[in-house]
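Residue numbers begin at 1 in each chain, while the letters A, B, ... track the order of the sequences.
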Number of protein chains: 2
Amino acid sequence: MHNDDSTELDSFDYRILQRWQADTRLPAKTIADEIGLSVAAVQRRLKRLRDSGVIRREVAELEPRPLGLAVTCVVMVDLERESAADLERFRRKMLAAAEVQQCYYVTGQSDFVLIVLVSDMEAYDAFTRRTLLDDTNVRSFTTHVTLERVKTGAGLALRDKP
Amino acid sequence: MHNDDSTELDSFDYRILQRWQADTRLPAKTIADEIGLSVAAVQRRLKRLRDSGVIRREVAELEPRPLGLAVTCVVMVDLERESAADLERFRRKMLAAAEVQQCYYVTGQSDFVLIVLVSDMEAYDAFTRRTLLDDTNVRSFTTHVTLERVKTGAGLALRDKP
DNA sequence: GGTGAAAAACACGATAA
DNA sequence: TTATCGTGTTTTTCACC
């Protein structure tokens, strides 16, 4: 499904999403009690939110360190040409590159912003060589090595609804 | 819990994590069949991975659009002073700001990189005023408005182990 | 929306290899 | 460390109101 239709979200949906986006291990019963709905109603809404695409997916957030990914870099990439085909080519490359956790196409002096996770600087070097330096359409890029991941994740700021 | 001890991860753990970080709705049975373990073993390992902190949390990834968060900005922030106290103060402010989805303390010309999600540019303006312009320790910041979120999420590149 | 029953998934202990 | 079995519990799914 990807039913992007006129999904009106009410206050209950927001309160469910607030909890669900923080912890999918919560039993529906807990949420139901907190917001004053039945368990079935909460689960019905969760299903609806999944089917409508509001909930993209339910995933586990892993700790990079113990998995050997100690280095996070923010990379600003400037392209030479920006034709639709060029952009699409670069897009695909980023989607295919496992080291690229996130990729944004942006306005401003740079064209793309990447969040790259690698095991060490050697791996980062290999990544840039393979993905950026060898690309004749990459005019330049600047690297910011992360000293601390102050805040991470994909959480959204949900306001309550009246 | 937070047992960061000598948790050696083997090939089974990696294969479990690969699937679990993509979809926590998969029944343990499915994973068990795929990797050739019993259901109980998979569940035991998941518990161990949670307790040891390799799995930080299990969350729902939401779609920003239907929730009224149509604008994503990448913000590069340059601070005036960088004493421990100054950094800590800014850190806390970022953690408290709901609009800030991600915050990295980095090397390079900028000091902090923010991923900011807001409903529109007016909200972004309010955010910068409140959080950056009013802060006497913020020397300058540059904004990159996102035209496309090419790749998002908190997924890690897990290689298989021998 | 709610209720309740059926089904599925999970948790845990015991045993054995 | 596994697998398997058995049991009880929890959670989800679904038909029906």
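The side chain of A:A40 lies closest to C:dG4 when the candidates are C:dG4, D:dT4, D:dT12. Comparing C:dC10, D:dT12, D:dT2 against the side chain of B:A28 picks out C:dC10 as the nearest.
Not a single donor-acceptor pair, N or O on each side, falls under 3.5 Å between the base of C:dG1 and the side chain of A:R45.
Look at B:R45 and B:D10 and you find a salt bridge, because one of the NZ, NE, NH1 or NH2 atoms lies within 4.0 Å of a carboxylate O, short of that distance. Here B:K93 pairs with B:D135 in a salt bridge; the nearest charged N to carboxylate O distance falls below 4.0 Å. The pair A:R48-A:D13 meets the salt-bridge criterion, with a side-chain N (NZ, NE, NH1 or NH2) lying under 4.0 Å from an Asp/Glu carboxylate O. Salt-bridge annotation for A:R19 and A:D23: absent, with no side-chain N of the basic residue lying under 4.0 Å from a carboxylate O of the acidic one.
If you measure from atom CZ of B:R48 to atom C1' of C:dC12, you get 17 Å, rounded to the nearest angstrom. Taking atom NZ of A:K47 as the reference point, atom C1' of C:dA8 lies 16 Å away to the nearest angstrom. The NZ atom of A:K29 sits 14 Å away from the C1' atom of C:dG4 (whole-angstrom rounding). As a whole-Å value, the separation of A:D51 CG from D:dT12 P is 16 Å. In this structure, the CG atom of B:L37 is 10 Å from the P atom of D:dT4, given to the nearest Å. Look at CZ on A:F12: it is 7 Å from P on C:dG1, rounded to the nearest Å. Separating the CD atom of B:E58 from the P atom of C:dA9 is a distance of 17 Å, rounded to the nearest angstrom.
Between B:R44 and D:dT2, a side-chain N or O to OP1/OP2 separation shorter than 4.0 Å is present. In this structure, A:Q43 does not reach the D:dT13 phosphate: none of its side-chain N or O atoms is under 4.0 Å from OP1 or OP2. Remark: A:R25 is in phosphate contact with C:dA11, judged by side-chain N or O atoms under 4.0 Å from OP1 or OP2.
Each of B:P27 and A:A41 was assigned the nucleotide of DNA chain C with the nearest heavy atom; the assignment lying further toward the 5' end belongs to A:A41. Of the residues near DNA chain C, A:S38 and B:T24, the one whose nearest nucleotide (by heavy atom distance) lies more toward the 5' end is A:S38.
The minimum heavy-atom distance between A:D111 and A:L79, with the atom names listed, is OD2-N, 2.7 Å.
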